[in-house]
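Here's the structure we're looking at; comments come further down.
Residue numbers begin at 1 in each chain, while the letters A, B, ... track the order of the sequences.
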Amino acid sequence: MTNLLRVLARHLIQGVLTLLGITVLSFLLGHIAPGDPAYAILGSDGVTVPTEEQVQVVRESLGLDRSVVEQYFLWLGQLFRGNIGVSFMTNRLIEQELLARIPVTVQLSLLAITFLVLTSLPLGLFLALHKDSLLDHLFLGLTSLFSAVPGFLVALVLILIFAEGLRLLPTSGLNGPTSLILPALAISLGSMTQITRVLRAELLAAFGTEYFQSARAKGFPFRFAAVKHALPNAMSSVLTLWGNYFIAILGGSAVAESIFALPGLGQWVLKSINSHDYPAIQAYVLVMGVLCLMIFLVVDLLQLAIQPRLRRAS
Amino acid sequence: MKRLFKQIVAVMTFAMVLAGCGSGSADPDASQSSPQANQDRQVVLAAPRDLTPGEKDGYYSSLILQVWEPLVTLGADGSPQPALATGWDMSEDGKEWTISLRDGVAFHDGTDFNADAVIANIERVRQHGPKTSPFYTLDASKTYPGLVSVDKVDDHTVRLMFDEPSPSAIQRLTNFGSPMVSPDCLDENGDFSTHVQGTGPFRITDHVTDQYTILEANDDYWGDTAQVSSVKVLSMPSADSRASALRSGEIQGVLDIGAILPSQAVHLTESDEFVASSRPSTISHFMMVNQSREYLNDPRLVKALSLAIDRQLIVDELYDGYGVASANPLNASELGYIQDKVVYDLPEAKDLANQVLGDQRLSLELLVPQYGIDRYPYKEQAEYIQSQLSELGIDMAITILEGSEQTKRRTEGNFDLALHTQGMPDGDPVTMLKVFMGPNNGGCYSNEQADQLLAQASVELDEQKRMDLYKQLQELALETRPTIPLLHDDYLIVHHRDLEGYDATAYGVTLSTMHWAG
């Protein structure tokens, strides 16, 4: 219990400091990047070339004529009052956009991480138990292939096979749970092969440890010992990797959302970046920061649950 | 082995469950139903962007969805044609326009379309504009310059009063220049408080941002009603996804600018399943030259650049023939457009460049907007120009920039060469010619004769004389090159053969005449 509280307290303090750092970075990144929101707004039709006077009027109305420091503290104050801002481009409340889009990205990422866990765990165990078999060699070859192929290409191949060829799944759009299967597969396949490989290696290392050998000496069957003793220890590093990949999937969903026309956070932030929509970009980075911190917390709690050593450390 | 068998069965079961969930195949019974029931089947189309930006947009939805209508539309020859206005008349001094309105028209919410509605719509733009939009910015200072007042003559007649002669006023009202919506769907800021309530053959019944818009046929439409009862327009940003969705049968057609890449259209129509439709569009492609820069301020070098580019080759090879090579800055859809003969003469270009540069090589930068790479083959176009200019002794670096950053650098004059797309904001040729020849034109082009002709064309009351001024301006542009036009784009769409009456127009598609085959 003490350990649990310590983990929670550590995460809370680190979280607040990290979030503060994120607000500074997200704010600066938007402002440092080349481009001017006023030009993006006035020229959003691709036809209008604004005059300097028009640009100045828009800059003033958006508060962009103030110093960067002043703008930052105004935004921070606004955040503390619970107001996440208004989009420069659409004039809509960002809160509304987030509420509509977070569920799409989170559902997509959860499905992708589910695919990742459900495939990498049994596959890693299977390959470790069948080291140097034909399947083992075949899989190691496939790992290299999937690591080399970019996610968007995997997405297009999946569309070609499952949507165009077999007509089993929709090519794009959000129309029921089946719409998420191909994008989730596209963003999880590359990570799946890599994590399987890590788990396999961790298990093989665990098979050579003293605790595993003593379990075997007590008469436990190899497979039982592998699942009962080697797997929880091997899981330690894999769990951290899952956490990291989940974050990567959340951030990397932008490409999948764009290809599969999913109205999630990723698609939204790509549009926001193109139009220099600072409040939207800042809100996105902040939300992703909070999600990352939550994932780190969950991973640490899971580590605590599966690692008796950590619980006893107190 | 037994376990392996179980696994195979599990995978097959999963695949069959998915097959059950699939939405790709069309209902086989649908084609055997009655003709009316057939037209009740929903048509699904896809566009590269959300054509319904929503309540904060100047128009709520694009004109091409045929939900709202303008007072005046654009004829095939670029002339203004009646839409919700049935006729117009200009006073002798050109300061007063009397516009007659169509009788018996109602907005989708039941409100009458009349003089009060027109006044409310114009006042909305004057009081709350400019209203930005991804289509065209709704800006009173550009659409109604010099407008003093708009008055009701009777229930179906309005009068627009200007402070100076405005012979082109009616041309500026075409399409996006005069959107008519029910005053009841607007709030106190001129934004939309409900779905847009227009007068068009379709009404919006549902819209989810960045996902879809559902259109239902307006049975009370004043003209020929839409032939299908329901249309779903999906927002699908990826060109590859749109092509895949066509092949899988999920959508029956595409629409909007850049709906399908020319190479994809060629590939799709190799199969008998698909039909392509194209029409010269209101979009043109240019390479702007900063004529304030050293060497580029020499007209001989600008001419050399123009002569070194084989525009027909660009159209044929990069746009698969979907476009019209042109050196005329005026779009082919504009009133008074004159078709020019494009000239490609590399030896003369080399000679001219040599006269300006001598033996030295010149380094230039070409700005390429990202949107041009997403929608058009701008990258290949830039590389082709790079190779051609190399022959003239010009080493050209290509810089790809996000659209607004490129606009900023063009506005600031911080560029050598810039590829860009230019649409037609309204039906007045002077608007387009001013972009390249008028004051503050992006290319720093300066020509007294152009200034005089533009000023005359803006106030000339005699239509024939105005047409002659448009002609003179185009001839001057061809001779003095304020910019380097490359081609006029084709509005290109592809649709499934199951869909008939679905054709491209200069800016949009024939949505209301679209119907299921058979």
Side-chain angles (χ1 to χ4, degrees), chain A residues 33-52 54-55 87 89-92 97 100-101 152 155-156 159-160 162-179 181 257-264 267-268 270-271 273-276, chain B residues 15 18-19 21-25 46 50 53-57 130 132-137 139 142 176 191 208-212 234-238 240-242 244-245 247-251 257 369-371 401-405 407-408 410-412 420-425 435 440-442:
Chain A
D36 190 329
Y39 279 92
I41 292 165
L42 291 165
S44 59
D45 57 3
V47 174
T48 307
V49 177
T51 62
E52 276 298 325
Q54 287 173 318
V55 169
S87 161
M89 286 306 288
T90 63
N91 282 323
R92 288 199 199 106
E97 295 275 10
R101 290 170 187 275
F152 76 88
L156 294 178
I159 290 174
L160 194 70
F162 292 100
E164 279 189 46
L166 300 172
R167 297 196 177 189
L168 290 174
L169 294 164
T171 54
S172 53
L174 186 62
N175 189 18
T178 50
S179 318
I181 294 176
E257 285 177 13
S258 196
I259 293 174
F260 290 97
L262 294 174
Q267 193 197 63
W268 179 64
L270 281 185
K271 272 184 7 187
I273 290 169
N274 280 337
S275 52
H276 303 286
Chain B
L18 289 184
C21 300
S23 56
S25 55
D50 190 349
E55 67 275 12
K56 302 283 183 183
D57 184 84
T132 55
S133 168
F135 311 119
Y136 290 102
T137 300
D139 185 351
K142 288 183 179 163
F176 283 95
D191 294 327
V208 180
T209 303
D210 286 342
Q211 288 192 56
Y212 61 81
L234 301 172
S235 166
M236 219 179 259
S238 161
D240 290 319
S241 300
R242 291 193 296 280
S244 292
R247 280 191 288 263
S248 71
E250 276 172 59
I251 59 171
I257 299 162
Q370 182 61 46
Y371 68 76
L401 289 175
E402 182 274 313
S404 66
E405 178 61 9
T407 308
K408 186 182 177 195
R410 272 168 47 203
T411 312
E412 291 170 348
H420 73 105
T421 305
Q422 180 70 43
M424 247 175 74
V435 171
N440 301 319
N441 65 77

Strictly below 4.0 Å, N to O, side chains only: are A/Arg92 and B/Glu55 in salt-bridge contact? yes
Which residues satisfy the salt bridge (charged side-chain N to carboxylate O under 4.0 Å, His left out) test with B/Glu405, sequence neighbours excluded? none
Who are the salt bridge (charged side-chain N to carboxylate O under 4.0 Å, His left out) partners of A/Glu257, not counting sequence neighbours? none
Does any backbone or side-chain atom of A/Gln267 lie under 4.5 Å from a heavy atom of chain B? Answer side chain, backbone, both or neither. side chain
Which bit of B/Ser244 comes within less than 4.5 Å of chain A, counting heavy atoms only: side chain, backbone, both or neither? both
Non-hydrogen atoms of chain B under 4.5 Å away: do they reach the side chain of A/Ile159, the backbone, both or neither? side chain
Quick check on B/Asp191 against chain A: is it the side chain, the backbone, both or neither that has a heavy atom closer than 4.5 Å? neither
Answer with yes or no whether the side chains of B/Ser133 and B/Asp57 bring together a donor and an acceptor at under 3.5 Å. yes
Do side-chain atoms of A/Arg167 reach the backbone of A/Phe162 as a donor and acceptor pair under 3.5 angstrom? no
Side chain, backbone, both or neither of A/Thr90 within contact of chain B (heavy atoms, under 4.5 Å): backbone
Work out which heavy atom in A/Thr171 is nearest to a heavy atom in A/Ala163; give both atom names and the distance. CG2-CB, 3.3 Å
A/Ile259 versus chain B, the contacting section by heavy-atom distance below 4.5 Å: both
Most heavy-atom pairs under 4.5 Å with chain A, out of B/Ala245, B/Gly403, B/Pro369, belong to B/Ala245
Looking only at B/Gln370, B/Lys408, B/Glu412, B/His420, the option with the highest number of non-hydrogen pairs under 4.5 Å against chain A is B/Lys408
